[in-house]
Amino acid sequence: MNAINQSGWKPEMNTAEGAAPATSTGNRALMLEEALIFEIGTTETTGVDLPETPKGASRLGSLARAKPIGLPGLSEPETVRHYTRLSRQNYAIDLGLFPLGSCTMKHNPRLNERMARLPGFADIHPLQPVDTVQGALGVINELAVWLIELTGMHGVAMSPKAGAHGELCGILCIKAALEARGEGHRKVVLVPESAHGTNPATAAFAGFTVENIPATAEGRVDTEALKARLGPDVAGVMITNPNTCGLFERDLKIISDAVHEAGGYVYCDGANFNAIVGRVRPGDLGVDAMHINLHKTFSTPHGGGGPGSGPVVLSEALAPFGPLPFTARHADGHIQLVEEETVGEDHPHSFGRMTAFHGQMGMFTRALTYILSHGADGLAQVAGDAVLNANYVLRRLEGVLDAPFAKSGHCMHEALFSDDGLPAGFSTLDIAKGLIDEGFHPMTVYFPLVVHGAMLVEPTETESKAALDQFIGALGSIAERAKAGDASLKAAPHYAPRRRLDETLAARKPVLVWKEAPLAAAAE
Ligand SMILES: *Cc1c(COP(=O)(O)O)cnc(C)c1O
């Protein structure tokens, strides 16, 4: 039967006066619907024609598959369309402003991509003999030198594959250092209330007990409360600077001195380094370990766009415990890949390995390109412009949305708002969903936990004033609609490919498995 007749659609329904008609396809103009690959593919279809395999005795024995695997196939053009259609339902940094606080969603310069695709970097294998990949090892080594220079630290572990992985690396260094001192009994890690969830998770995963340190009314760590908790059972602290309220922790040096005095170590979550790169060296603030999210500060693509990379800079006290492998440049220019711990050499204390190989080579190449193309002055300007843009957002919107720490002074790279002042029945979620209709990815919501209904906006330095003005206009107008009691906001988004989900049901009864398997059945 003809699909058009089935839906009851007739050409005269497309009149200017009438309501928008349902389309027979479900498509809305150029926004195309797309079913799951399991629904549109068949086991018989494939993008390639393979010759019939010659009959021969199988050596798989009992491991041979008894039933067809049932994976759906599509022809090559169908495959390309399937993924292109799905990608058009997504939002990307190449489409528009991506104000996701704490994530530093900045433009990824195309020069970085060009460098990462050079065959000498892109087409090599981690098991190639070291002499054949000196250039690639040189990139890792040079990036390491830059990261040490920018942070004022002593060493760096390049292999961790993201921020959270870097946290684990840093905490394992602290653990190894404590054990080497015979103080493995120090089991408590102090974490401020405003910390990213990965901080307490990392400490707990590494076998520590996490204790929260409260925040002051102005949104910073309560230094006195922290000092009061220090003692012989404390392994260290994990502090984010700038913190997740978008504020600089001015007391960090005082805190570090007190923690060191009490025999502990200072882990700094460096995810927000973008706000201070080229301006503040965490080493000068007494930090012992800090991860750097190359995919945030140094513009390597992340989210759906690419893998993360989380090198960890280490103080003189922790560097000997860092993981293998690492690179070392010799006087003759040769770069050594130090892969084994050898007793008697200068790295017998390494806690081990984080990854099979050297880390994220593609991200290293992009990050070094970014650093070299900006130079020292350019990196300092990145931080300055990121902070300027965030303060512009904060000051333009503080009259419309509640800005709990606006009185604490300038913010750093991100502006924090709360749901205080929204009328009863309207929440942060409604504001976020309204932004989708306006064509923006929402900001980070309900994080950090220290303010009610948090909305955390990080514009980054790569947005123009025109783009910021458009975003501010959109967010401001949504806040005004909520204040005017506009109930349509409660059903937003109206124009997105999918409407608002039942998030409670999704959390309580998640459907995680594709149940129907018509293809496998049909193939048998
Ligand atoms: C992003 C982020 C992390 C975790 O980094 P990943 O690379 O996502 O693992 C940790 N802490 C803070 C404050 C962050 O913003």
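Atoms within a ligand are numbered from 1 in the order they appear, just like the ligands themselves.
- Atom numbering of ligand 1 starts at 1 in the shown order; those under 4.0 Å from a heavy atom of Ala271 are 2 (C), 11 (N), 12 (C), 13 (C), 14 (C), 15 (O).
- Remark: Asp222 does not engage Arg229 in a salt bridge, criterion side-chain N to carboxylate O under 4.0 Å.
- Between Asp430 and Lys433, none of the side-chain N atoms (NZ, or NE/NH1/NH2) sits under 4.0 Å from a carboxylate O, so this pair counts as no salt bridge.
- The nearest heavy-atom contact from the protein to atom 5 (O) of ligand 1 is Asn293 ND2, 3.0 Å.
- Considering backbone and side-chain N/O atoms, Asn272 never comes within less than 3.5 Å of an N/O atom of ligand 1.
- Residues Thr104 and Phe98 have side chains not in contact (no heavy-atom distance under 4.5 Å, counting atoms from C-beta outward).
- Within ligand 1, counting atoms from 1 as listed, the ones closer than 4.0 Å to a heavy atom of Thr198 are 10 (C), 11 (N).
- Taking a cut-off of under 4.0 Å to the non-hydrogen atoms of Ala164, the atoms of ligand 1 that pass are 4 (C), 5 (O), 6 (P), 9 (O).
- Residue Asp269 has at least one N or O atom closer than 3.5 Å to an N or O atom of ligand 1.
- In the displayed structure, Gln470 atom CD is contacted under 6.0 Å by at most 12 heavy atoms of other residues, nucleotides or ligands.
- Taking every heavy atom of both residues into account, Met153 and Ala289 meet most closely at CE-N, 3.9 Å.
- Not a single N or O atom of Thr244, backbone or side chain, sits closer than 3.5 Å to an N or O atom of ligand 1.
- No salt bridge links Lys227 with Asp257; every basic N to acidic carboxylate O contact stays at or beyond 4.0 Å.
- In this model, no donor atom of one side chain and acceptor atom of the other lie less than 3.5 Å apart for Lys296 and Asn272.
- Summary of contacts: the protein heavy atom closest to atom 8 (O) of ligand 1 is His295 NE2, 4.4 Å.
- Considering only non-hydrogen atoms, atom 14 (C) of ligand 1 lies nearest to Lys296 out of Glu167, Met238, Lys296.
- In terms of protein heavy-atom proximity, atom 6 (P) of ligand 1 is nearest to Gly163 N, 3.4 Å.
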